[in-house]
Amino acid sequence: MSKRALILSEEDAHVSPKQSKKHWSLGLLESMKDPDLIYKKTERVVIIRDKYPKAKIHYLMLPKDNITSIYKLGKEHLPLLEEFGELFQSIQAEYKRHILNAGFHAAPSMLRLHMHIISKDMVSPCLKTKVHWNSFTTSFFKPYNDVLEELKENGFIKKIQNDVHKSLMATPLKCNQCNYIPKNMPQLKDHLLSHTSTII
Ligand code: AMP
Ligand code: ZN
């Protein structure tokens, strides 16, 4: 698989004329300042709407401090990460009828540490590729609790190996809510709709 194929979404790599002066991987830093995208703020955290949501509910939680990714976290960041957990709980409380997952991509494509908060339905027009799917439904998605525990135990987050990354992205499609095995993404997207009445 080429490096390009591992980019999480083509739309993420798409550069509009307005953004063309800055590399797309810096887009979250701009979005953190965009009142239309900001959902909540605290003294040290900003929560924004994901610009290309991969489910009905999809937020990104970022620190105001310039921490590039989970791989720059140390024990000194435990209070920040604990605040991430508390904020996630408050969002889950707001969306009582949805199942939300919180976690980090093992190899993020965008700069500034960001935690995804994403509903289990995975129903969205922006969910298009197998890479999108596998980035949220395999162990490429590192659950918040696992990251918190790893940081408490080791004081750092271990990087994913390139071959593991590649094999996770190549994982055969399987529904995240039952044992259904679709032939392709359109089939999977159709099938996901059959679950929505039970989880929303
Ligand atoms: P990742 O770096 O793989 O953890 O994911 C980056 C996330 O940022 C994806 O879910 C994208 O849909 C989202 N995204 C990409 N560009 C922007 C942007 N400019 N503003 C807000 N969200 C974005
Ligand atoms: Zn299913």
Side-chain angles (χ1 to χ4, degrees), residues 3-39 46-63 67-72 84 99 101-144 147 157 160 165 168-169 172-183 185 187-200:
K3 199 170 177 197
R4 164 119 186 105
L6 292 175
I7 290 177
L8 280 179
S9 69
E10 286 185 43
E11 66 220 340
D12 298 349
H14 172 76
V15 180
S16 69
K18 207 176 143 197
Q19 295 171 322
S20 62
K21 281 192 204 115
K22 289 200 174 137
H23 193 262
W24 58 263
S25 64
L26 299 172
L28 298 185
L29 305 182
E30 295 301 308
S31 296
M32 283 175 82
K33 296 182 247 163
D34 182 346
D36 292 339
L37 288 178
I38 294 170
Y39 170 62
V46 181
I47 305 169
I48 58 171
R49 287 171 235 287
D50 194 293
K51 209 166 173 178
Y52 309 102
K54 306 301 186 291
K56 290 189 177 183
I57 300 161
H58 191 178
Y59 294 111
L60 301 173
M61 193 179 291
L62 308 100
I67 304 168
T68 318
S69 75
I70 46 170
Y71 302 112
K72 299 287 180 193
F84 270 32
I99 299 167
N101 291 315
F104 303 84
H105 280 154
S109 49
M110 304 291 286
L111 282 179
R112 183 65 59 91
L113 170 72
H114 54 278
M115 181 168 86
H116 293 266
I117 294 167
I118 183 161
S119 53
K120 196 178 176 182
D121 54 86
M122 302 296 285
V123 169
S124 167
C126 295
L127 180 89
K128 290 175 182 163
T129 66
K130 187 173 177 176
V131 167
H132 288 159
W133 180 256
N134 283 335
S135 74
F136 289 100
T137 59
T138 67
S139 59
F140 185 79
F141 187 78
K142 290 169 82 70
Y144 164 77
V147 170
I157 306 299
I160 187 174
H165 180 178
L168 287 173
M169 290 302 116
L173 295 175
K174 182 183 173 299
C175 177
N176 63 338
Q177 293 156 71
C178 76
N179 288 327
Y180 177 68
I181 297 181
K183 285 202 178 80
M185 281 303 290
Q187 241 181 40
L188 174 57
K189 285 171 70 69
D190 268 355
H191 170 79
L192 289 170
L193 295 174
S194 71
H195 287 292
T196 52
S197 59
T198 55
I199 59 166
I200 56 167

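Ligands are counted one by one from 1 in listed order, and the atoms in each one are counted from 1 as well. All values below were derived from every heavy atom in this structure, side-chain atoms included, with hydrogens, water molecules and symmetry-related copies excluded.
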Flag, side chain of H132 to backbone of T129, donor-acceptor distance under 3.5 Å |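 The answer is yes, because a donor-acceptor pair under 3.5 Å joins these two groups.
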Do K54 side-chain atoms and Y52 backbone N/O form a donor-acceptor pair below 3.5 Å?
->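 Flag set: sc K54 to bb Y52 pair under 3.5 Å.
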Quick one: report the N, O or S atom of H195 that is nearest to the Zn ion (ligand 2).
->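 Result: NE2.
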Taking both backbone and side-chain atoms of R49, is any N or O found less than 3.5 Å from an N or O belonging to ligand 1?
->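 So ligand 1 has no N or O lying under 3.5 Å from an N or O of R49.
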Is there a nitrogen or oxygen of P108 sitting under 3.5 Å from a nitrogen or oxygen of ligand 1?
->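 Between P108 and ligand 1, no N or O pair is found under 3.5 Å apart.
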[X] and ligand 1 - part of the residue with a heavy-atom distance under 4.0 Å:
{"X": "S109", "result": "both"}
{"X": "M110", "result": "both"}
{"X": "H114", "result": "side chain"}

Taking the six-membered ring for Trp, are H116 and F104 ring centroids under 6.0 Å apart?
->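 Distance test on ring centres: not under 6.0 Å, no.
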Quick check, are the ring centers of H105 and F136 under 6.0 angstrom apart?
->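 Yes.
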In Å and rounded to the nearest 0.5 Å, what is the [atom1] to [atom2] distance from [X] to [Y]?
{"X": "L60", "Y": "K51", "atom1": "CG", "atom2": "NZ", "value": "11.5 Å"}
{"X": "I118", "Y": "H58", "atom1": "CD1", "atom2": "NE2", "value": "4.0 Å"}
{"X": "L28", "Y": "K33", "atom1": "CG", "atom2": "NZ", "value": "12.0 Å"}

Identify, by atom number and element, the atoms of ligand 1 in contact range of [X], meaning under 4.0 Å from any of its heavy atoms.
{"X": "G27", "result": "19 (N)"}
{"X": "H116", "result": "1 (P), 4 (O), 5 (O), 7 (C), 10 (O)"}
{"X": "H105", "result": "1 (P), 3 (O), 4 (O), 5 (O)"}

Tell me, please: is E30 in heavy-atom contact with ligand 1, that is, under 4.0 Å?
->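 It does not, in that no heavy atom of E30 comes within the 4.0 Å cut-off of ligand 1.
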Round to 10° and report the angle made at the Zn ion (ligand 2) by SG of C175 and NE2 of H191.
->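 My answer is 110°, to the nearest 10°.
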Which option, V131, L60, L111, owns the non-hydrogen atom nearest atom 8 (O) of ligand 1?
->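 Nearest option to atom 8 (O) of ligand 1, by heavy atoms: L60.
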